[in-house]
2 protein chains.
Amino acid sequence: MIMNAKKVHYSRQREQIYGYLSGRDDHPTAEQVYIYMKKELPNLSLGTVYRNLKFLEDSGKLRRISTPQTAERYDWRCENHAHFVCRQCGRVMDLQNINPEAVGAAYGVTEKGRILFANVTVEGICEDCLEAEESNHTMTAHEAE
Amino acid sequence: MIMNAKKVHYSRQREQIYGYLSGRDDHPTAEQVYIYMKKELPNLSLGTVYRNLKFLEDSGKLRRISTPQTAERYDWRCENHAHFVCRQCGRVMDLQNINPEAVGAAYGVTEKGRILFANVTVEGICEDCLEAEESNHTMTAHEAE
DNA sequence: ATACCTGCAAATTATTTGCAATATA
DNA sequence: TATATTGCAAATAATTTGCAGGTAT
C-alpha cells in the first residue's frame, strides 16, 4: 500500500547544519557540528543535530563514515570515495573515488548479493604526526616497549 | 626510560574467550561472546569480556572490525583482509586478503605518512536477504516509497 | 608476597526518543 | 489548522573503570 509521504518542512537548523558541513573536507562528528552551530543558533540542541544528520543522510545529502574511533563522522561528499585516517591525531582525509562493484570484484565477493557501497579506509600515521614523533625521539632518546 | 613490562598472568577467562573466537568465521560482538561464554563460565562478567578482548587485540591476537552497525565485532584472523557486510541482516563475511600499501597506492595516498592497515568493507544485501525480499514482494505486491 | 585478574556496579560516551511548545505549509 | 520540527530531558546502547577480593607466579 502507498505510504503517505510526509511533506518536509523547511527548518533553519537543518539548512545551517548542511551549510556548515558542505564544502569542508574535515569530516566533523555530531558533537563538533553542535559546538560550532551553537554559536549561530544559541539554543540549538544536540538532539536536533543528530536528527538532522540522520535526515540528511537518509535523503542522500550526507554520508556517515565509521572510523576505528568511536564517534561517527559526516561527509558531504556523497560519491563513494576512500579515506585515510591517522591513528594518532584522528584526522580523516579524502582519497580517490571508488567503484564499489570493482572493489567487490577485486576482493572476491562471490555471492550473488547486491553491492551497494564500499568502505575503503587506509589507516596509518599522517606525515605531521610522524614528524612530531621523530623530533620527540631525538629530544628524549629511546623509549622501550 | 625502560618501562617495566608487566608480566601476564594466565586466566581461564582469557583463554576461553580466545578459544571461542578462534576458528569461527562469523565475527561476534562482545555481547555475543559474553552470552555464549556465560554457559561455560557462569559468573563471567561483561567487563571481563571487554577487558580481554582489548587485551587480545593489543597483543595482536584479535582484530576489531568496525561496521556501519553500532557494536564492534571481533575477528581472530589477523591478516589484513576484506569483509562483506549485509545491510539487512548484519552478517559479516570474510573476503580476500589485502595489502594495505597497495590499497593506499590504488586510492591515492599521497603524503609520506606511514601506512599500517587498510579497512575494506563491501556493503550490500546478501544473497539470502535478497531472496527473502523477493519472495516477500511476490506475496504482498508492491510497496511505495 | 606481589601483582595481575576478576566480578560487580557505577560511570562514561555516543546516540535516540517522548513530549509539550513552536514554526512551517 | 494540520503536522513537521524543535528544545529539553530522560532513556538506551556500548563500552570503560574503580574497587575489593581472588588467583597466578
Side-chain angles (χ1 to χ4, degrees), chain A residues 3-21 27-59 61-75 85 90 92, chain B residues 2-21 27-59 61-75 90 92:
Chain A
M3 278 278 131
N4 39 0
K6 53 174 63 178
K7 58 198 69 151
V8 175
H9 285 201
Y10 167 89
S11 100
R12 192 212 282 247
Q13 289 81 337
R14 184 176 300 156
E15 169 107 357
Q16 309 236 123
I17 289 169
Y18 181 73
Y20 171 66
L21 250 359
H27 319 86
T29 62
E31 183 102 35
Q32 290 170 330
V33 172
Y34 172 68
I35 288 169
Y36 185 86
M37 297 308 305
K38 195 87 176 167
K39 293 175 195 158
E40 310 197 3
L41 303 171
N43 35 14
L44 177 68
S45 92
L46 191 49
T48 298
V49 172
Y50 274 107
R51 263 186 300 233
N52 279 306
L53 289 172
K54 177 169 294 194
F55 177 96
L56 290 164
E57 189 196 352
D58 290 345
S59 36
K61 308 199 78 177
L62 291 181
R63 160 154 351 275
R64 184 161 40 107
I65 55 190
S66 311
T67 68
Q69 291 109 249
T70 38
E72 302 288 287
R73 292 163 168 278
Y74 294 86
D75 193 342
V85 179
V92 177
Chain B
I2 312 286
M3 279 278 131
N4 38 1
K6 52 173 63 178
K7 58 199 73 152
V8 175
H9 284 201
Y10 168 88
S11 100
R12 192 213 282 249
Q13 289 80 337
R14 183 176 300 156
E15 167 107 357
Q16 310 236 123
I17 288 170
Y18 181 73
Y20 171 65
L21 251 358
H27 314 82
T29 62
E31 182 102 34
Q32 289 171 332
V33 173
Y34 172 67
I35 288 169
Y36 185 86
M37 298 308 303
K38 196 86 177 168
K39 292 174 195 161
E40 311 197 2
L41 302 170
N43 35 14
L44 177 68
S45 92
L46 192 48
T48 298
V49 172
Y50 275 107
R51 262 185 301 232
N52 279 305
L53 289 173
K54 176 168 294 191
F55 177 95
L56 290 164
E57 187 195 352
D58 290 344
S59 37
K61 307 199 75 177
L62 291 181
R63 159 150 355 272
R64 183 161 39 110
I65 55 191
S66 311
T67 67
Q69 292 109 248
T70 39
E72 301 289 286
R73 292 164 166 279
Y74 295 86
D75 193 341
V92 177

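All chains are named by letter (A, B, ...) in the order of the sequence lines, taking the proteins before the strands, and each is independently numbered beginning at 1.
Residue B:E31 holds its CD atom at 4.5 Å from CD1 of B:I35, rounded to the nearest 0.5 Å. A distance of 12.5 Å separates CZ of A:R64 from CG of A:L56, quoted to the nearest 0.5 Å. Note: B:I17 CD1 to B:Y74 OH = 10.5 Å, rounded to the nearest 0.5 Å. Note that OG1 of A:T48 and CG of A:L53 are 10.5 Å apart. Values are rounded to the nearest 0.5 Å.
Nearest approach of B:S66 to B:E72, heavy atoms of both residues: OG-OE1, 3.1 Å. Of all heavy-atom pairs between B:Y20 and B:P28, the closest is CE2-CG, 4.3 Å.
Summary of helix geometry: the two end axes of the helix from C:dA1-D:dT25 to C:dA25-D:dT1, each defined by five base pairs via their C1' atoms, are inclined to each other by 30° (rounded to 10°).
Atom-to-atom, CD of A:Q16 to P of D:dT5 comes out at 16 Å; the value is rounded to the nearest Å. Distance CG (A:N43) to C1' (D:dC8): 11 Å, rounded to an integer number of Å. Atom pair A:L41:CG and D:dC8:P shows a separation of 12 Å (rounding to whole Å applied). Distance B:R73 CZ to D:dA14 P: 11 Å, rounded to the nearest Å. The distance between atom CZ of B:R64 and atom C1' of D:dA14, rounded to the nearest whole Å, is 12 Å.
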Original post:
In B/S/- notation, 5' to 3', how is nucleotides 18-25 of chain D contacted by protein heavy atoms closer than 4.0 Å?
Top reply: B-----BS

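Checked options A:V33, A:N52, A:L41, A:L21; the residue passing with A:Q16 is A:L41 (criterion: side-chain contact (heavy atoms from CB on, under 4.5 Å)).
With a cutoff of under 4.0 Å to any heavy atom of chain B, the contacted region of DNA chain C is bounded 5' to 3' by C:dA3 to C:dC8.
Residues B:M37 and B:V49 are not in side-chain contact: their nearest non-hydrogen atoms beyond the backbone lie 4.5 Å or more apart. Looking only at side-chain heavy atoms (C-beta outward), B:T67 and B:H27 stay at 4.5 Å or farther from each other.
For the pair A:L44 and B:Y50, both in contact range of DNA chain D, the more 5′-proximal nearest nucleotide belongs to A:L44.
Applying the 4.0 Å criterion to OP1 and OP2 of D:dA14, one finds that B:Q69 has every side-chain N and O outside that range.
Heavy atoms from other residues, nucleotides or ligands lying under 6.0 Å from OH of A:Y18 number more than 12. Sparse packing is recorded around NZ of A:K61, with 12 or fewer heavy atoms of other residues, nucleotides or ligands lying under 6.0 Å away.
Across all strands, B:Q13 comes closer than 4.0 Å only to sugar-phosphate atoms, never to a base (heavy-atom distances).
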